[in-house]
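Values below: all heavy atoms of this structure, side chains included; hydrogens, waters and symmetry mates excluded. Atoms within a ligand are numbered from 1 in the order they appear, just like the ligands themselves.
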Amino acid sequence: MKNYGELKKLLFSKSLKKISEKTITIHYDKLYDGYIKKWQEIEEKLKLIDKSSANATFSDLRELKVEESFTANAIILHEAYFDILGGNGEIEGEIIEIIKKDFGSFEAWLEDFKALGLCSRGWTVLGYDFNDGKLRNFLLDTHNLYGVLGTSPILVMDMYEHAYFIDFGSDKKSYIEAFFENLDWKIINKKFQKIVKDNN
Ligand code: FE
């Protein structure tokens, strides 16, 4: 069971292909760890909140709940992103067949996913939508903006500048190619199987 207040270990050494150790160190040790700490702080503050001042324009309760959703999604998405890195990029497994079924072909899915990467200001996600039982690509401009309720992330690409700017400058396309070179499709398949089979 997930504990938002607990750091999830990195499953790979920080030396990826083309994505530097410096980038991963800042991303994991500083930024991701920072979200965990803020989650703990928000939960502590929520315990003490004065609910009699609840208000939709501004209230401490409202602001904390908004940032709680921001922080929870930041944790979920970063863990999903780090989980699938450290592989050799070799595309394999059952999920490929489902991608072909839901998107027409693997190439059509890949073209859509990479294009969404260029459109996104935050995240690009391949997720399983429990509402219709299909895989879906979507983008989020920040952790809690434009996600689809009932969709579970499987393949998550961080498109915030901190994920690529040190190594690639503004060249998002090269970062996206490097991201795919480092994917572990065995883990992506395991995630897909766990999400779909445990919940259907
Ligand atoms: Fe990030």
Exercise. Run through Ile42, Thr142, Leu145, Ile75 and flag the one making a side chain to side chain contact (heavy atoms under 4.5 Å, CB included) with Phe70.
Key: Thr142
Exercise. Using a strict 4.0 Å threshold on nitrogen-to-oxygen distance, state whether Lys114 and Glu177 make a salt bridge.
Key: yes
Practice problem: Find, among atoms of His162 that are N, O or S, the one nearest to the Fe ion (ligand 1), and state its name. | Solution: NE2
Quiz item: Any ion pair linking Glu79 and Lys2 (charged N to carboxylate O, less than 4.0 Å)?
Solution: yes
Self-check item: Among the N, O or S atoms of Asp158, the one nearest the Fe ion (ligand 1)
Solution: OD2
Quiz item: Taking the N/O/S atoms of His27 one by one, which is nearest to the Fe ion (ligand 1)?
Solution: NE2
Quiz prompt | Residue Lys190 excluded, over 12 heavy atoms near NZ under 6.0 Å | solution = no
